[in-house]
Amino acid sequence: MFQLSKGSLKKILDGTNVTDPILQILQMKNIQNNMDGMTRYKVSLFDGETQHTFGILATQQNHLVESNQLKIGSIIKLEEYAANVLSKDPPKVVIILLNFEILGHMDPNQKQPTNQANESNFNEPSKHLQNNENIEPNKPKQPQQEKAKNFFNKKDAEVEKPSSNNPPGTFNGFKIFGISSLNPYQNKWSIKARVTNKSAIRTYSNARGEGKLFNIELIDNTGEIRANGFNEQCDKFYEMLQIDRVYHISKATLKTANKQYCKLDNDYEMTFNNETQIEPCDEADNLPHMSLNLVKLSDLTNRAANDFVDVIGVVKSVGDVTTIVTKATNRELKKRELSIVDNSGCAVTATLWGKQAEDYDAADGNPVILLKGAKVGDYNGKNLSVASTTVIQINPDIPEAHTVRGWFDQGGCDSEIQDLSNQNTMTSSNSGSANIGGHSNWKFLDQLKDEKLGMGDKADYFSTKAYVLYAKKDNSMYMACPGENCNKKVVDQNDGTYRCEKCSRNYPNFKWRMILNLNLADFADSNWATCFQETAETILDIRTDELGELKSSNSPRFDEIFTECAFKEFNFKLRAKMETYNDERRVKVSAVTVEPIDYVQSGRRMLQKIKQFAENQ
DNA sequence: CCCCCCCC
């Protein structure tokens, strides 16, 4: 039998703190929040005497309903709750069920315990509830945070000192919660968290007026959250909040985070308000530090534009500060490009903007630079952009920094470097590194289908080294308009003239043009690709007009030309694009460039692939 | 309440 805590609901509603009341769930309703689209469970609570129809399950407990552990009739020991007064007149109080133990289950109508076979499960705290220890911020739990690295300067333990006037486990009169348990429906909380990132102050101006803001990222053992400080709060807290320091925070507004902009693993974000309290706090707590997921520069070729990556490398060269005018708003903006290299043998251009471009110390030589959260771009190859949320560290004291420093100093600086940026320019802008000219984004032919290239809205370009298996002779040549920039097909009028519909005129002559279909193959796959004129001439090793002569004269040499190219190997830059022909949609592949293979570069590229492959095993 | 991260 369960003894419900008679009278406890009345006390809770009156604002009295009640310890571990035993309550029963009488009703339960799934409500969809329009603001954040999240499911919430509204429950009716019963204490054996009165019923309160407005209880809400904290969303981190939703799984208990979804796994049918918590249901109508469940008896709970409510270990942690929040009674939020929504209005005084009429009185409206919502009780948020933050943490509880499911003691058992009783049919509300029978008022008797049921004899379900699995009832004993309910008499122990459920497995899930044990996970809710996550609410306590001091227990490292999630593997993702266990790999967090302890690299930024000080160790917590060394700066430990007694807390101010706060009783243990509280701050500003509020119990310390784990970040992952924060939600907009419960405002009596405090957290203890480490700042892992802090933006510069940014000003903005829009229809609502002018303003400024900064944001920080906070982490504890349960999760992470972004916090924003606008205007007065920006003035008040910006200097105090420092990267890698630990703070107590209470009384900030929580709202649904816009996932489009905030990549942190939290449905909510925090905004400081005029009630917000923040105090530095130096106690050792084994709070995770900033975590790094370093990416080798060679791996950037596999990253899409707008990805954010962490990289570490040596600044090989530094560009001057230049000024650009933004397209969108015609603002003048300073920028500076750094070429960064690492021991994967690759270089990439990283762009600093605004004040960061001006403040970068170019006299610093070739320091190690860490970019955490740099944005990947894919203009003429791959590049990186330093965003407002990117953390820059010069010569950080971490093992990876020493590794890349050692590599650079012991000959890496003079080795052949593949520049992933500036791929379509003949002169490498500032890196002084080897430029392999024209090609980036090397793929094997199976990747064409595997990666659904050309299936998107726009064309995909990639480079590949492939053999010509077969060059299709039929329809490979057509009679084209001899007009200067017109290559339209002409119709033989059989009166010695050739009609071009585009030019609307008859010509006394025509010129030959080529559209050559090739079956290309590498070790992985084969695919058809179309070569036009110049690229076809490279493949067949003959000028189109000469080939036309052979065709016109029915020379046996004509056929030979098409068989001689078989099993020749070239570097292709290919374009894949979806096309519709006779209601059939398929990816058409055409050659943008065809070049003989430079086997030294090709070998280097292969070595890189092998190295990359080995490292990823 | 921002959410731009730019240019070739």
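Heavy-atom basis, side chains included; hydrogens, waters and symmetry copies ignored. None of the values given here were measured: they were computed from a predicted structure. Below, chains carry the letters A, B, ... as their sequence lines are ordered, and counting in each starts from 1.
Phosphate contact (OP1/OP2 of B:dC2, side-chain N/O of A:Arg226, threshold under 4.0 Å): absent. Contact check, A:Lys375 against B:dC6: a side-chain N or O comes under 4.0 Å of OP1 or OP2. Regarding contacts with the backbone of B:dC5, every side-chain N or O of A:Thr351 stays at 4.0 angstrom or more from both OP1 and OP2.
Looking at the side chain of A:Trp353, the nearest of the listed nucleotides B:dC8, B:dC6, B:dC1 is B:dC6. Of the candidates B:dC7, B:dC3, B:dC2, the closest approach to any side-chain atom of A:Asn215 belongs to B:dC2. Distances were taken from every side-chain heavy atom of A:Tyr261 (C-beta onward) to each of B:dC6, B:dC3, B:dC8; the shortest belongs to B:dC3. If you check B:dC1, B:dC5, B:dC4 against the side chain of A:Asn231, the one that comes closest is B:dC1.
No cation-pi contact links A:Lys188 to A:Phe177, judged by a cut-off of 6.0 Å to the six-membered ring centre and 45° from its axis. Seen from the ring of A:Phe54, A:Lys42 counts as a face-on cation partner, given the 6.0 Å and 45° thresholds. Judged by the 6.0 Å distance and 45° axis criteria, A:Lys465 is not positioned over the aromatic ring of A:Phe572.
Not one N or O on the side chain of A:Asp378 forms a donor-acceptor pair closer than 3.5 Å with the backbone of A:Gly381.
Atom P of nucleotide B:dC5 and atom CD1 of A:Ile392 are separated by 17 Å, given to the nearest angstrom. Atom CZ of A:Phe230 is separated from atom C1' of B:dC1 by 5 Å (rounded to the nearest Å). Look at NZ on A:Lys382: it is 20 Å from P on B:dC8, rounded to the nearest Å. Look at OH on A:Tyr204: it is 20 Å from C1' on B:dC6, rounded to the nearest Å. One atom, CG of A:Leu338, and another, P of B:dC5, lie 20 Å apart when rounded to the nearest Å. With rounding to whole Å, A:Ile201 atom CD1 is found 19 Å from B:dC1 atom P. Residue A:Glu332 contributes atom CD, which lies 17 Å from atom C1' of B:dC5 at whole-angstrom precision. Atom CG of A:Asn258 is separated from atom C1' of B:dC2 by 10 Å (rounded to the nearest Å).
Stretches of at least 3 consecutive Watson-Crick or G-U wobble pairs, with each checked distance under 3.5 Å, do not appear in DNA chain B at all.
Residue-level contact check: A:Ser388 touches the bases, meaning some heavy atom is under 4.0 Å from a base atom. Looking at heavy-atom distances under 4.0 Å, A:Asn228 makes contact with a base. Within 4.0 Å of A:Glu269, counting heavy atoms only, lies at least one base atom of the nucleic acid. Contact annotation for A:Lys255: base contact, defined as any heavy-atom pair under 4.0 Å involving a base atom. Residue contacts for A:Lys335: at a heavy-atom cut-off of 4.0 Å it reaches a base atom on one of the strands shown.
Salt-bridge formation is detected for the pair A:Arg226/A:Glu269: a Lys NZ or Arg NE/NH1/NH2 atom is positioned less than 4.0 Å from an Asp or Glu carboxylate oxygen. With respect to A:Lys443 and A:Glu451, a salt bridge is recorded, a charged nitrogen being found less than 4.0 Å from a carboxylate O.
Surrounding NZ of A:Lys452 are at most 12 heavy atoms belonging to other residues, nucleotides or ligands under 6.0 Å away.
The side-chain ring of A:Tyr379 is stacked on the base of B:dC8, judged by centre separation under 5.5 angstrom and plane angle under 30 degrees.
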